[in-house]
Amino acid sequence: MNEEPSTKGSGNVFADLGVTDPEAWQGKARLAAEIMAAIARRKWTQQEAASHLGVTQAEISNIRRGQFDRFTLDRLLHY
């Protein structure tokens, strides 16, 4: 059996992928996960979450899909 070589990760997938400013991206990913978990706990739809947070449904969808380049850390923290 041929085994592929493996490399131990750094603990930050964004750094491992060579993304610019990996700490910020990791922070955004963690905040987005917490936001989506809070929405799920409340059993809100994306539209209901958007209404409570004062944003559009599309913005909630972007958070859910991991499109963090559209958000600052401060903005995610505010949510």
Side-chain angles (χ1 to χ4, degrees):
M1 187 183 282
N2 242 351
E3 288 192 31
E4 293 288 324
S6 63
T7 304
K8 183 174 174 124
S10 68
N12 182 335
V13 67
F14 299 103
D16 296 342
L17 292 172
V19 173
T20 303
D21 201 7
E23 294 81 15
W25 278 86
Q26 186 175 40
K28 289 178 182 185
R30 287 181 175 167
L31 285 170
E34 289 295 326
I35 291 165
M36 295 314 300
I39 290 169
R41 280 192 307 274
R42 290 168 174 82
K43 298 181 180 169
W44 287 342
T45 64
Q46 287 186 8
Q47 187 62 46
E48 288 170 324
S51 177
H52 286 284
L53 295 174
V55 299
T56 66
Q57 179 275 326
E59 289 174 294
I60 300 297
S61 181
N62 288 335
I63 293 169
R64 183 175 174 270
R65 289 184 285 136
Q67 294 182 339
F68 309 131
D69 56 326
R70 301 166 187 245
F71 300 92
T72 64
L73 275 170
D74 286 341
R75 188 170 172 198
L76 290 171
L77 276 170
H78 176 74
Y79 298 155

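In this chain, residues are counted from 1 in sequence order.
Sorted by first and then second residue, the ring-ring contact (aromatic ring centres under 6.0 Å, His included) pairs involving residues 51-79 (not counting sequence neighbours) are Trp44-His52. Each side chain to side chain donor-acceptor pair (under 3.5 Å) pair with one or both residues in residues 60-72, not counting sequence neighbours, appears once here: Ser61-Arg65, Asn62-Arg65, Gln67-Arg70.
By the side chain to side chain donor-acceptor pair (under 3.5 Å) test, Ser51 pairs with no residue at all, sequence neighbours left out.
Each of Phe14 and Leu73 belongs to its own hydrophobic cluster when Ile, Leu, Val, Met, Phe, Trp and Tyr are linked at side-chain heavy-atom distances under 4.5 angstrom.
Using modelled atom types and a 3.5 Å distance limit, the side chains of Gln57 and Gln46 yield a donor-acceptor pair.
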Side chains of residues 35-43: which donor-acceptor pairs under 3.5 Å do they make with residues two or more places apart or in other chains?
unit_1, atom_1, unit_2, atom_2, d
Arg42, NH1, Ala38, O, 3.2

Donor-acceptor pairs under 3.5 Å, side chain of residues 17-27 to any protein atom, not counting sequence neighbours: which ones?
unit_1, atom_1, unit_2, atom_2, d
Gln26, OE1, Asn12, ND2, 3.2
Gln26, NE2, Gly11, O, 3.0

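Closest approach of Gly9 to Asp16, counting heavy atoms only: CA-OD2, 3.4 Å.
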